[in-house]
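The structure under discussion appears below in the form of structure tokens.
Here is the naming used below: chain letters follow the sequence lines, and residue numbers restart at 1 for every chain.
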There are 2 protein chains.
Amino acid sequence: MKTKERILEVALRQFNELGTDQATVRSIAEEAGISHGNLCYHFKNTDALIEALYDRLTEEIDEQAIRMQHTDNELKDVIRQAEITFHLLYKYRFLLLDFVRIIRRIDSIRQKFRTLMQLRRQQFHRAFHNLIAKGLMREEWIPGQYNHLITNLLILGDNWIPNAEIHFDEKGEKVIKYYLEAFIGGLAPYLTETGVREYYRLITES
Amino acid sequence: MKTKERILEVALRQFNELGTDQATVRSIAEEAGISHGNLCYHFKNTDALIEALYDRLTEEIDEQAIRMQHTDNELKDVIRQAEITFHLLYKYRFLLLDFVRIIRRIDSIRQKFRTLMQLRRQQFHRAFHNLIAKGLMREEWIPGQYNHLITNLLILGDNWIPNAEIHFDEKGEKVIKYYLEAFIGGLAPYLTETGVREYYRLITES
DNA sequence: TTTCAATTAGTACAAGTGTTCTAAATTATT
DNA sequence: AATAATTTAGAACACTTGTACTAATTGAAA
């Protein structure tokens with residue numbers, strides 16, 4: 001099964017660098033050093049490749065979510081969680097760069113993604129709840145504000161990569177850090193004084 | 001010049017509904033009731049159509065920005081500004097739905113867009129400055145937080161439409177309102193007590 | 001070793017796309 | 001009314017893409 005692995009590797013690279021429209025069955029096969037007929041034997045078309053890679057992403061996210069269940073949900077854990085997720089999304093960034101088109105075309109991904117997002121919203125609610133209980137985050141003082149906050153954070157989480165593609169020429173770690181800071185910084189105003197002190201401590205040490 | 005107008009109308013509709021990849025020179029020409037040869041006489045290809053429509057959007061945004069200079073920058077003006085911008089973006093939503101691909105392909109749009117974004121960042125800074133001076137918005141109490149806030153608001157402003165496409169089946173006014181509320185709600189925690197009172201007054205009356 | 005299934009390369013085809021070109025038709029100008 | 005410029009339709013071309021198919025090769029099981 002080494003061929004299949006190599007195909008997915010090359011596909012991921014080409015999707016990320018060229019976009020899902022420029023990377024074709026032929027270009028991927030060529031770089032993988034096989035015939036495109038062979039590639040189509042393993043994956044019927046590029047959509048099948050996209051779906052396979054999407055499944056890999058969700059697998060990796062799931063694994064990480066399970067690992068995170070055993071932390072005590074301090075502020076540092078929340079930040080760490082965001083950090084890992086950002087890196088994961090960056091690894092599969094072609095998905096986010098092209099998500100609308102992919103979703104419009106591949107219905108199975110659409111459905112999987114919707115359930116994933118509901119899960120993420122719940123995770124946020126739970127995390128906030130924990131932080132409030134620990135006295136790190138303020139109680140909601142404007143009705144509905146945490147719902148709005150979560151909406152904004154989810155949009156940031158899904159769209160910082162397209163945003164980076166549009167605004168920056170740099171790539172990689174530098175970009176990830178920039179948006180990660182914006183993400184965490186967006187949380188800061190909702191923290192208690194204790195929370196802010198902790199926030200300072202964490203961002204200065206990294 | 002009626003043909004040109006009709007072409008752009010149909011193109012906008014097809015781009016919004018089908019996406020820039022499904023709408024072709026031929027499909028647009030057909031709906032406009034002309035030959036595709038004729039369409040190519042007026043606009044060399046779909047990229048030229050996209051560019052023309054992008055220019056229209058920036059024109060409309062500019063007009064509105066000028067109109068807004070004569071307001072006194074109360075909270076209600078800031079909200080009104082956001083509302084109009086959201087509606088404008090929705091009118092040309094295909095641009096935001098496909099922005100990465102468009103930017104990658106059409107360099108002139110890339111450059112125009114970057115300067116536009118710098119402008120928008122400045123507008124936010126100015127608006128915040130005004131609100132602070134009026135005692136409606138708090139002074140920055142965590143270093144850099146307003147820069148992060150603006151980053152987040154800009155990302156929300158550019159990506160609520162793709163987000164809606166992914167998460168909702170509804171379209172139109174309902175969607176606009178949902179994200180507009182998230183946008184304004186994201187501002188609320190940064191307001192002073194007076195600001196929050198004003199915020200309540202404004203959101204309950206609409 | 002033989003046999004059968006899985007894998008691979010290469011070819012061929014159909015559909016769709018942007019692009020160009022020519023000739024006709026329309027409109028405006030003198 | 002005559003002439004020139006603009007606009008339009010339609011055909012033709014080159015290119016790419018996904019898809020299917022065939023034949024050859026490989027590898028494992030009997």
Side-chain angles (χ1 to χ4, degrees), chain A residues 1-55 94-95 97-98 100-110, chain B residues 1-55 94-95 97-98 100-110:
Chain A
M1 291 298 142
K2 219 174 163 195
T3 310
K4 230 167 175 166
E5 200 50 41
R6 193 148 33 97
I7 291 171
L8 285 174
E9 239 172 64
V10 173
L12 180 60
R13 206 193 61 72
Q14 287 205 8
F15 284 153
N16 278 338
E17 287 187 21
L18 309 174
T20 51
D21 55 337
Q22 294 299 319
T24 66
V25 178
R26 281 175 170 81
S27 71
I28 294 167
E30 190 187 23
E31 190 183 324
I34 59 170
S35 69
H36 76 276
N38 189 11
L39 195 154
C40 289
Y41 169 76
H42 291 285
F43 301 94
K44 205 180 173 190
N45 47 34
T46 46
D47 282 0
L49 282 168
I50 292 170
E51 216 175 326
L53 288 169
Y54 180 82
D55 287 339
F94 81 93
L95 284 167
L97 285 172
D98 226 3
V100 173
R101 213 179 282 237
I102 291 172
I103 287 259
R104 278 182 170 175
R105 209 175 42 214
I106 310 174
D107 200 63
S108 61
I109 290 187
R110 182 190 196 94
Chain B
M1 291 300 142
K2 219 172 164 196
T3 310
K4 235 168 171 163
E5 199 51 42
R6 194 149 31 97
I7 292 171
L8 285 174
E9 240 172 63
V10 174
L12 179 61
R13 206 194 61 72
Q14 288 205 9
F15 284 152
N16 279 338
E17 286 187 21
L18 309 173
T20 51
D21 55 337
Q22 295 298 320
T24 66
V25 177
R26 281 175 170 81
S27 71
I28 294 166
E30 190 187 24
E31 190 183 324
I34 59 171
S35 68
H36 74 276
N38 188 12
L39 194 154
C40 290
Y41 169 77
H42 291 286
F43 301 94
K44 206 180 170 191
N45 47 34
T46 45
D47 281 0
L49 283 168
I50 292 170
E51 216 177 325
L53 288 169
Y54 180 81
D55 287 339
F94 79 94
L95 284 168
L97 285 172
D98 226 3
V100 174
R101 212 179 282 239
I102 290 172
I103 286 260
R104 277 182 171 177
R105 209 174 43 215
I106 311 175
D107 200 64
S108 61
I109 289 187
R110 184 188 194 95

* Separation between CZ of B:Phe15 and CD1 of B:Ile50, rounded to the nearest 0.5 Å -> 4.5 Å
* Considering only heavy atoms and no angle criterion, is a donor-acceptor pair shorter than 3.5 Å present between the side chain of B:Arg26 and the base of C:dG18? -> yes
* **Any A:Asn45 side-chain N or O less than 4.0 Å from OP1/OP2 of D:dT17** => no
* Which heavy-atom pair separates A:Leu39 from A:Val25 by the least distance, and what is that distance? -> CD1-O, 3.6 Å
* Asked: B:Asp98 side chain to B:Arg101 main-chain N or O, any donor-acceptor pair under 3.5 Å?
  -> no
* Looking at residues 32-41 of chain B, who's got a heavy atom less than 4.0 Å off DNA chain C? -> B:His36, B:Cys40
* Asked: Just how far, in rounded Å, is P of C:dT7 from CD1 of A:Ile7?
  -> 11 Å
* Structure fact -> In terms of heavy-atom contacts, A:Thr24 and A:Asp21 come closest through CG2-O, 4.3 Å
* Asked: For the pair made of CZ in B:Phe43 and P in D:dT7, what is the distance, rounded to whole Å?
  -> 12 Å
* Rounded to whole angstroms, how far apart are CD on B:Glu30 and P on C:dT17? -> 11 Å
* To do: Give the rounded distance in Å between these two atoms: CG of A:Leu49 and P of D:dT19.
  => 11 Å
* Asked: Salt bridge between A:Glu9 and A:Arg13, side-chain N to carboxylate O under 4.0 Å?
  -> no
* Could you please name the option among C:dT8, C:dG18, D:dT19 that lies closest to any side-chain atom of A:Thr3? => C:dT8
* Distance-minimising heavy-atom pair for A:Asn16 and B:Arg104 -> O-NH2, 3.6 Å
* Rounded distance [0.5 Å steps], CZ in B:Arg26 versus NE2 in B:His36 -> 4.0 Å
* Under 3.5 Å, side chain of A:Glu51 to main-chain N/O of A:Ile106, donor-acceptor pair present? -> no
* Residue-level proximity of residues 14-25 of chain A to DNA chain D when a heavy atom falls under 4.0 Å -> A:Thr24, A:Val25
* Between A:Thr46 and A:Ala23, which heavy-atom pair has the shortest distance, and what is it? -> CG2-O, 3.9 Å
* Asked: Using a cut-off of less than 4.0 Å, is there contact between a side-chain N or O of A:His42 and OP1 or OP2 of C:dT8?
  -> yes
